[in-house]
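Written out below as structure tokens is the structure these notes cover.
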Amino acid sequence: MALASTANPIFSPPLTSPSSSSPSTKSSHLSFLNSTSSNISLKLSLSRPRSQSLLVRNVLKTVESSDTSVSKGRDLEFITSNSKPTILVSEKLGEAGLELLRSFGNVDCSYNLSPEELCSKISLCDALIVRSGTKVTRQVFEAAKGRLKVVGRAGVGIDNVDLQAATEFGCLVVNAPTANTIAAAEHGIALLAAMARNVAQADACMKSGKWQRNKYVGVSLVGKTLAVMGFGKVGSEVARRAKGLGMHVIAHDPYAPADRARAIGVDLVSFDEAISTADFISLHMPLTPTTSKIFNDETFTKVKKGVRIINVARGGVIDEDALVRALDSGVVAQAALDVFTEEPPPSGSKLVQHENVIVTPHLGASTKEAQEGVAVEIAEAVVGALRGELSATAVNAPMVPPEVLSELAPYVVLAEKLGRLAVQLVAGGSGIKSVKVAYRSARDPDDLDTRLLRAMITKGIIEPISSSHINLVNADFTAKQKGLRISEERVVVDSSPEYPVDSIQVQISDVESKFASALSDNGSISIEGRVKYGIPHLIRVGSFSVDVSLEGNLILCCQVDQPGMIGRVGNILGQNNVNVSFMSVGRTVKRTKAIMAIGVDEEPDKDTLRKIGEVPAVEEFVFLKL
Ligand SMILES: NC(=O)C1=CN([C@@H]2O[C@H](COP(=O)(O)OP(=O)(O)OC[C@H]3O[C@@H](n4cnc5c(N)ncnc54)[C@H](O)[C@@H]3O)[C@@H](O)[C@H]2O)C=CC1
Ligand SMILES: O=C(O)C(=O)COP(=O)(O)O
């Protein structure tokens, strides 16, 4: 399996539209999807000149095109000839969402693409927006060759997106989980009432010239028991409305809190109790391996004879052949279906043609209001992701609230730099199996969300020694795939709880080091860093305390602790035009050994480094790129 290729790095500079250049648009911006190791984009509300200048650099870099033209129907090769991100919209999306996308990037609305056409276009796209009709398979991610950064699902169900493949390829998947809830619930109620009163059949009959009042006698809803299967957003709205119709509503949902159900007068019951007592069963769970064909021959043996079923969730939760059998035998009196295992269903489908079944072609979310809503919701999420922001609707990455992001931003930079430094201290660089990270913090361990920090440490460790590109989406997966175990420890320290983290220590065990002084007492390579004035600093190497800002590059030098060493090494650097930005000396016992941590702006050439190594009292040294 190929991961994102080096030729087309996923960590390209942040894609920033001209209109997004104002740092005031968001309080925090962390380019976790797009950052390169040397080019991390941070937008912070805090007034930190360094971060601001990074931001300005990134903005300047990306504002190369002022082309704001609409790209509908245009050739993608033309579209990608400028630096704006390309967003492929493969299914009909509301105009308000399209407008928003067009203000940010080049939008290609290409509907009804075959799988082959989608695969051939996708390597030219930074984002793809779909509804339920586009299958975003592993082949699509493979064909994207690392360029595709985000898939936006303009709706709720993401069963048409191969999430595992997306994660492996470091592609973020976001959805629009709220804007179509009411539409889906209303459609469920519409189907419930239409089914109970034979509206569709009677309508078809009348249009064929007949007047058959006796044939279409229905059943009443009032006083009947409705089982809502899946008491999430749609399910609870259906329940609320059904109560308004005078129905007795019960629900089954293994993960729903009972108090939320109680608040609207619904009892949460077991699966078997729900299906065996209900007159109507309405399905509102997602399609997952657990819910796939959860309604099958066996289930239908447990239902109340003559039950009526509504499905506005996913066709795959019902074994459709079993449903046909249950309808034929009268176990299920009627079914109202908006969704099907295969969409559109094969022509002549027994289920669709069944006289006790009414069907709609996946219309649950299809109201004007819902479509405008999901379009805007998904456009905002996709644009945010392309800017490198974490999305509140990320499906395959941790959702980190903006205020937490803003607070963690400088620590994220520190985390990556520590990972990058630690791995450079390993002799050979490979064969790393075990990394231990200790977060020292005055805060309660439960108040510290370390997923972002762990991901960046992983990125720092893996990227220098492999061609993998790591981001928050694929960090854990890639680490696992490479057999790298990252264990975390939170140490409560007596410092200010105002800051989320006091220091971060990274230890790599069971490896040899090219700088023996970086080994701690337990034989692991050990370094520790801290954020000071918003800037990451290295504060410990092995057992030596140092204090050097992690900018530019770093020389670590271990020498006999004697007078004149700073001058001698400093002179060599000066004579070779290498500017020292920071210097710090640490020792354990006076006049034994000390280490010098020297921050340098330029990369010293081999000759300069050789001269440092030739200073008689220098025992070992290492040059590290940050
Ligand atoms: N027909 C259409 O056009 C539309 C269909 N949908 C579908 O409706 C379904 C529900 O959507 P939302 O309510 O927005 O999602 P949601 O995530 O808010 O709710 C789903 C609920 O199902 C529950 N659940 C998971 N496994 C379950 C199981 N084995 N048994 C019972 N409950 C289980 C979850 O705990 C959750 O509470 C999804 O399948 C979605 O794709 C949503 C919108 C439009
Ligand atoms: O949001 C969902 O889960 C839906 O099923 C809606 O699907 P659609 O966007 O109308 O293809």
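Just so you know, ligand 1 is whichever comes first in the structure, and atom 1 is the first atom listed for that ligand. Nothing fancy with the numbering, it's 1 onward along the sequence. Source: prediction; values computed, not measured.
Side-chain atoms of Thr360 do not come within 3.5 Å of backbone N or O of Leu363 as any donor-acceptor pair. Judged purely by atom type and a 3.5 angstrom limit, Gln334 has no side-chain atom pairing as donor or acceptor with the backbone of Asn356.
Residue-level contacts of ligand 2 at the 4.0 Å heavy-atom threshold are Arg131, Ser132, Arg153, Ala154, Gly155, Val156, Gly157, Asn180, Arg314, His362, Ala365.
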I would like to know whether Asp267 and Arg262 meet salt bridge (charged side-chain N to carboxylate O under 4.0 Å, His left out); could you show each step before the answer?
CA-CA 6 Å; Asp267 287 333; Arg262 225 175 291 123; over 6 Å; no

Please test Glu320 against Lys293 for salt bridge (charged side-chain N to carboxylate O under 4.0 Å, His left out), starting from the C-alpha separation and ending with a verdict.
CA-CA 8 Å; Glu320 292 177 341; Lys293 296 192 178 170; over 6 Å; no

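Within the structure, every pair that satisfies the side-chain hydrogen bond (donor to acceptor under 3.5 Å, both in side chains) test and touches residues 174-183, not counting sequence neighbours, is listed here: Thr178-Glu377. Listed by first and then second residue, the salt bridge (Lys or Arg N to Asp or Glu O under 4.0 Å) pairs that reach into residues 321-330 are Asp297-Arg325, sequence neighbours excluded.
Put simply, the side chain of Leu98 reaches to within 4.5 Å of the side chain of Val89, judged on heavy atoms. Looking only at side-chain heavy atoms (C-beta outward), Val136 and Val130 come within less than 4.5 Å of each other.
Note: Phe169 and Phe477 fail the aromatic proximity criterion, with ring centroids not under 6.0 Å apart.
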Enumerate, one pair per line, all nitrogen or oxygen atoms of ligand 1 lying under 3.5 Å from a protein nitrogen or oxygen, stating the separation to 0.1 Å; write 'none' if no such pair exists.
| residue | atom | partner | partner atom | Å |
| --- | --- | --- | --- | --- |
| ligand 1 | 1 (N) | Val312 | O | 2.9 |
| ligand 1 | 1 (N) | Asp338 | OD2 | 2.9 |
| ligand 1 | 3 (O) | His362 | NE2 | 3.3 |
| ligand 1 | 3 (O) | Gly364 | N | 3.3 |
| ligand 1 | 3 (O) | Ala365 | N | 3.1 |
| ligand 1 | 13 (O) | Lys233 | N | 3.2 |
| ligand 1 | 13 (O) | Val234 | N | 2.8 |
| ligand 1 | 18 (O) | Lys233 | N | 2.9 |
| ligand 1 | 18 (O) | Lys233 | NZ | 2.8 |
| ligand 1 | 35 (O) | Asp253 | OD1 | 2.8 |
| ligand 1 | 35 (O) | Asp253 | OD2 | 3.2 |
| ligand 1 | 37 (O) | Gly232 | N | 3.4 |
| ligand 1 | 37 (O) | Asp253 | OD2 | 2.6 |
| ligand 1 | 39 (O) | Met285 | O | 3.0 |
| ligand 1 | 41 (O) | Gly157 | N | 3.4 |
| ligand 1 | 41 (O) | Arg314 | NH1 | 3.4 |
| ligand 1 | 41 (O) | Arg314 | NH2 | 3.3 |

